[in-house]
Amino acid sequence: MIYLSQLMGNPVYAADGEKIGSVSDLGIATGEVFPRVTSLAFKGPGRTPFMISWRKYVDTYDENEIRLKVPATEIRFSYLQPDEVLIARDILNKQIVDTRGMRVVRVNDLKLSDTNSTQLRLLGAEVGARGILRSLHPALERGALKLARTFGKAIPERIIAWSYMDLVERDLSNVKLSVSHKTLDDMHPADIADIIERLDPRLRGQVFAQLDDEQRAGAMAEFDDDAMAAELMGNMNETEASRMLSEMDPDDAAELVSELDYDKAEKLLRLMGVKEQRAIRQLLGYREDTAGRIMTSEFAALSEDATVGDAVELLRSLDEDFETVRYVYLADEDNKLSGVVTLNRIIVSEPETKLVDVCTDELVTASPEEDQEDVAEKIAKYNLLAMPVVADDGHMLGIVTVDDALDVLEEEHAEDLQIAGGAPADDEGSHAGDLVWLLRRNAWFFLWIVGTGLVTVLLRQLGSDLESALLACAALPAALVLADDSISYVTNFFLQNDPDDDDSPSMLGFTVKSVGIGVVLAALAVLAALALASSAHGDVSGVVDALTCGFGAASVSILLSFVLCPIYLVYLRRRDEKNEDASGFALSMTAMAVALVVFVALVVVRRVIF
């Protein structure tokens with residue numbers, strides 16, 4: 001086995017021993033399961049690029065050099081063929097799609113296999129740390145492996161086989177990767193959406209453009225980032241964008257259109273068919289985060305006098321892209337929803353059976369203005385696959401399906417997690433994510449370091465010694481940690497109590513309880529300060545005085561943190577009413593910053609006065 005990094009830059013010698021250049025790249029024939037190296041690219045005198053046939057001219061190769069079969073005068077240069085790519089130029093350090101693991105990765109090195117003395121084949125891409133180390137210098141890789149073995153660990157290779165690679169640079173869109181290759185075209189729309197979201201922004205549009213209308217519609221409905229989806233649509237021409245919207249389910253299309261500016265949305269809607277346009281405009285007429293906004297107007301319905309045979313005929317007549325059908329709904333003579341028949345009952349019943357005889361008339365329904373989270377919770381509570389949305393006069397408007405309910409619950413969970421100060425898991429192997437997690441979990445520690453440095457500088461300028469300044473900051477961690485805890489107390493109350501619920505505690509009750517907790521915690525800090533002051537005697541009086549100053553400042557800071565709790569709660573509720581995101585981490589940082597400023601100010605003021 002040999003790696004591209006081990007060949008790059010190696011000298012190229014002719015048969016007579018003359019050095020004619022250094023390796024710059026290798027060309028491969030892509031239409032094979034394990035592509036053959038077909039061309040050798042090298043830089044000659046004056047860094048002039050040359051390319052020759054690998055099979056025709058290469059005699060031997062290793063990690064140090066490549067030798068040719070003929071003298072330099074007999075070499076005839078060649079050109080890259082349509083089915084060939086240069087692996088260093090086109091693949092190395094580029095993003096690829098691992099179609100087996102359904103993820104986007106970056107190629108750090110390429111692994112080659114010598115099937116005989118001269119022929120090389122590409123096995124796959126190295127996407128792990130070893131590829132990075134090896135590309136910098138082979139000695140780095142060997143050193144890292146030895147160090148890892150010393151601690152009983154291993155640094156495995158992370159190889160993605162060529163047959164599971166998909167190139168995303170559009171300059172290579174006409175290249176056939178492999179005879180058994182699985183490309184983006186074969187993937188589920190959710191996998192395509194996930195991959196596109198993970199690509200560099202400059203590549204997203206290129207990859208999205210290669211999909212057909214149906215694939216685009218499916219992927220667009222699966223994007224988690226609505227703003228990114230709107231941006232992709234904004235980059236499409238209006239005819240293509242309108243055609244894609246027509247392929248989407250009405251609820252998904254309405255959600256996407258709502259992210260566009262008014263003029264763009266109107267142009268796209270006018271280009272659509274009358275039926276599709278009417279369905280989307282109807283959904284856009286409802287407020288955001290309501291059942292009407294997330295429902296689909298596609299559902300199967302029949303009159304009460306219909307039979308099971310009629311239901312079967314109706315289901316057979318539906319288009320392939322019709323919303324998944326699990327129920328057939330019944331309407332009475334006034335066109336009001338009167339019952340529902342499950343698909344299972346239809347399958348096991350005789351064709352002549354009246355639907356009204358096998359229907360369920362104990363219906364769980366939603367109004368179009370009902371909050372989407374309440375609807376999702378009802379679907380989960382009653383184990384429904386869809387819930388009918390009914391107007392005030394009883395006629396059916398649409399259904400909220402279980403997949404939309406799951407999306408709502410996931411979205412609400414993510415919002416609650418953000419407010420509570422948590423964060424979604426980062427991608428596997430993301431060191432940046434680990435650093436962010438560390439900062440989030442230990443923000444108080446970094447603020448303590450900052451506060452200690454600030455207090456030390458200020459007190460030294462006022463004539464205090466270094467020891468007294470540091471001792472005064474011994475109580476600062478308590479003030480910072482309890483300020484952080486005050487936000488946890490607020491967010492827990494916010495998440496667990498609905499202000500519209502009569503059984504929920506009032507704002508006055510919350511305020512009294514918050515202030516009471518602050519008084520108790522501050523009193524404990526004061527008691528600690530008094531205990532230190534009462535023990536002062538002899539040479540340690542200065543030490544005790546510094547500690548007393550710190551604990552006194554901390555007590556005021558702690559009390560203030562809990563006094564401000566009602567203000568933080570009002571902020572969260574107002575953001576929620578406006579359907580705007582709120583970050584618990586940002587609130588925690590705010591509370592700790594306030595506590596830090598109050599603590600520093602009190603310590604400095606006490607030093608000035610006394």
Output the distance between atom [atom1] ([X]) and atom [atom2] ([Y]), rounded to the nearest 0.5 Å.
X: D404; Y: M295; atom1: CG; atom2: CE; answer: 11.5 Å
X: D310; Y: L355; atom1: CG; atom2: CG; answer: 7.0 Å
X: I379; Y: L384; atom1: CD1; atom2: CG; answer: 6.5 Å
X: L330; Y: L337; atom1: CG; atom2: CG; answer: 8.0 Å
X: E231; Y: N235; atom1: CD; atom2: CG; answer: 6.0 Å
X: L521; Y: D485; atom1: CG; atom2: CG; answer: 9.0 Å

Indicate yes or no for a side-chain donor-acceptor contact from [X] to the backbone of [Y] under 3.5 Å, with no hydrogens or angles considered.
X: S557; Y: A595; answer: yes
X: S317; Y: L314; answer: yes
X: D249; Y: D251; answer: no
X: S242; Y: E238; answer: no
X: D261; Y: K264; answer: yes
X: T401; Y: A386; answer: no
X: D484; Y: L480; answer: no

Quick one: closest heavy-atom pair of [X] and [Y], and the distance?
X: L397; Y: P368; value: CD1-CG, 3.7 Å
X: G518; Y: I558; value: O-CG2, 4.4 Å
X: A311; Y: L302; value: CA-CD1, 3.6 Å
X: V375; Y: A291; value: CG2-CB, 3.7 Å
X: L283; Y: G292; value: CD2-O, 3.3 Å
X: D374; Y: E370; value: CB-OE2, 3.9 Å

Does a side-chain heavy-atom distance below 4.5 Å link [X] with [Y]?
X: L232; Y: F223; answer: yes
X: R326; Y: T342; answer: no
X: R278; Y: V274; answer: yes
X: E304; Y: K354; answer: no
X: S486; Y: F562; answer: yes
X: V519; Y: L559; answer: yes
X: L572; Y: L587; answer: yes
X: V570; Y: M507; answer: yes

Counting heavy atoms not belonging to [X], are there more than 12 under 6.0 Å from its [atom1]?
X: E333; atom1: CD; value: no
X: E240; atom1: CD; value: yes
X: D334; atom1: CG; value: yes
X: R573; atom1: CZ; value: yes

Among R243, E247, M236, M233, find the residue that satisfies the side chain to side chain contact (heavy atoms under 4.5 Å, CB included) test when tested with R216.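 Only one of R243, E247, M236, M233 forms a side chain to side chain contact (heavy atoms under 4.5 Å, CB included) with R216, namely M236.
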
Carefully, step by step, assess M244 and L256 under the rule side-chain contact (heavy atoms from CB on, under 4.5 Å). CA-CA 11 Å; M244 184 194 70; L256 183 56; 4.1 Å; yes

Tell me, with the steps shown, if N335 and M396 meet side-chain contact (heavy atoms from CB on, under 4.5 Å). CA-CA 8 Å; N335 200 30; M396 191 169 169; over 6 Å; no

For F510 and V490, run side-chain contact (heavy atoms from CB on, under 4.5 Å): C-alpha distance rounded to whole Å, both residues' side-chain angles, the deciding distance at 0.1 Å, then the answer. CA-CA 9 Å; F510 175 77; V490 172; 4.0 Å; yes

Test log, rule side-chain contact (heavy atoms from CB on, under 4.5 Å), inputs K513 and Y489: CA-CA 11 Å; K513 187 175 181 180; Y489 171 67; 3.3 Å; yes

Please check if any side-chain donor atom of E288 sits under 3.5 Å from a side-chain acceptor atom of S258, or the reverse.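 Short answer, no.
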
Taking atom types as modelled, find out whether D305 and S303 have a side-chain donor-acceptor pair closer than 3.5 angstrom.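 Yes, a side-chain donor-acceptor pair sits under 3.5 Å.
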
